[in-house]
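These notes are about the structure you will find just below.
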There are 2 protein chains.
Amino acid sequence: MDIKIKNRLEARAKIFKALAHPSRVLIVEELADGERCVCDLTEKVGADISTVSKHLSVMKNAGLVLDEKRANQVFYRLRMPCILKFFDCVETVLEDLKNE
Amino acid sequence: MDIKIKNRLEARAKIFKALAHPSRVLIVEELADGERCVCDLTEKVGADISTVSKHLSVMKNAGLVLDEKRANQVFYRLRMPCILKFFDCVETVLEDLKNE
DNA sequence: CAGGTATTTGGCAAAATAGCCAAACAGACA
DNA sequence: TGTCTGTTTGGCTATTTTGCCAAATACCTG
């Protein structure tokens, strides 16, 4: 397969991968309301802080979130508002599945 | 965490997982043009037909595609047109990343 | 029914991902 | 500087995912 096409497919898949975990979905939902520090997200997710930090790193690496250090806290926020529209679509899919 | 919330997060993550692989991204792109038989998709993807069949099974299980057997071929098609809007959004994300 | 094509399934090995702990780091502030 | 808080990184094991082959299945056609 053409290397260029392959790269494009991998780039797209990387973004979906960054969303393909329940904790990361929760993180996106939280960030939809505005920025959050790692500590807030850790509490919500209910996992070890190192685990949450690694999730955030995956999401940052995929371009889904931005981070900003202020004092000794790091705040994350959604980089792409359109991500939220994904979620509406997913909701539609799920509703549709329920009505079978 | 509330079991209900957990189920919702997992349901959403399942859909993203079904998109989180380069071959499956390619399959969605192909199906955007209309239904395809497994043999067509196998040729495009360039993997073993059993591999492609398993990818399709993941996607079907997540509710992304529908299958229909006609004669001795199985045709797959996108179940949710809004999935394609996902892709537009992803494209925006990628463009944005490029311009850094 | 026999043989052919198209697809799915079982099984296994390789690769990728997840999650915890402990250790390292960074910044604030006495 | 020493210590405290918040975060990231390294390292390890456990789990999940991927992809091939071989075998099973489904349907058509002679």
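Each chain gets a letter, A, B and so on, in the order its sequence line appears, and its residues count up from 1.
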Query - For atom CG of D67(A) and atom P of dG27(C), their distance in whole Å - result: 13 Å
Query - Within 45° cone and under 6.0 Å: R70(B) NZ/CZ vs F75(B) ring - result: yes
Query raised in the report: Can E29(A) and R24(A) be said to form a side chain to side chain contact (heavy atoms under 4.5 Å, CB included), step by step?
Result: CA-CA 9 Å; E29(A) 289 180 358; R24(A) 298 202 285 259; over 6 Å; no
**Report entry** Candidate nucleotides dT7(D), dT17(D), dG27(C), ranked by approach to the side chain of V74(A) - the nearest
**Finding:** dT7(D)
Query raised in the report: Base, sugar-phosphate, or nothing for R70(B), non-hydrogen atoms under 4.0 angstrom?
Result: nothing
Query raised in the report: Does H55(A) have a side-chain nitrogen or oxygen under 4.0 Å from the phosphate oxygens OP1 or OP2 of dG19(C)?
Result: yes
Query raised in the report: Using a cut-off of 4.0 Å on non-hydrogen atoms, how would the nucleic acid contact of K54(B) be classed: base, sugar-phosphate, or nothing?
Result: base
**Report entry** From dT9(C), dT8(D), dC20(C), nucleotide with atom closest to D48(A) side chain
**Finding:** dC20(C)
Query raised in the report: Parallel, tilted or perpendicular for F16(A) and F87(B), by the 30°/60° rule?
Result: tilted
Query - D40(B) CG to dT5(C) P, straight-line distance once rounded to whole Å - result: 17 Å
Query - Rounded distance (Å) that lies between atom P of dC27(D) and atom CD of E68(B) - result: 13 Å
**Report entry** E43(B) atom CD, over 12 foreign heavy atoms within 6.0 Å
**Finding:** no
Query raised in the report: Which part of the nucleic acid does F75(A) contact within heavy-atom distance under 4.0 Å: base, sugar-phosphate only, or nothing?
Result: nothing
Query raised in the report: Rounded to the nearest Å, what distance is computed from the CZ atom of residue R36(B) to the C1' atom of nucleotide dT7(C)?
Result: 18 Å
Report task. Could you check how far CG of N61(B) sits from P of dT8(C), rounded to whole Å? Result -> 13 Å
Report summary line: Taken to the nearest whole Å, CG/L56(B) to P/dT9(C) is 11 Å
Report summary line: Of the candidates dT8(C), dG27(C), dC20(D), the side chain of T51(B) sits closest to dC20(D)
Report summary line: Sorted by position of nearest nucleotide on DNA chain C, 5' first, the leading residue of A71(A) and S23(A) is S23(A)
Report summary line: Separation of dC28(D) atom C1' from Q73(B) atom CD, nearest Å, is 11 Å
Query raised in the report: Which of these nucleotides, dT8(C), dA18(C), dG19(D), is closest to any side-chain atom of Y76(B)?
Result: dT8(C)
Query raised in the report: So does E91(A) pair up with K85(A), basic N to acidic O under 4.0 Å?
Result: no
**Report entry** Residue mapping more 5' on DNA chain C - nearest nucleotide basis, S50(A) or I49(B)
**Finding:** I49(B)
**Report entry** Pair D67(B) + R77(B), salt bridge at N-O below 4.0 Å
**Finding:** no
Requested in this report: Respond yes when some side-chain nitrogen or oxygen of K69(B) is under 4.0 Å from OP1 or OP2 of dC27(D), and no when none is.
Outcome: no
Report summary line: Taking dG6(D), dA6(C), dC20(C) as options, the one with an atom nearest any side-chain atom of N72(A) is dG6(D)
Query raised in the report: Counting side-chain heavy atoms from CB outward, which of dA18(C), dC27(D), dT18(D) is closest to H21(B)?
Result: dT18(D)
Query raised in the report: Over how many whole Å does the gap from L26(A) atom CG to dG19(C) atom C1' extend?
Result: 16 Å
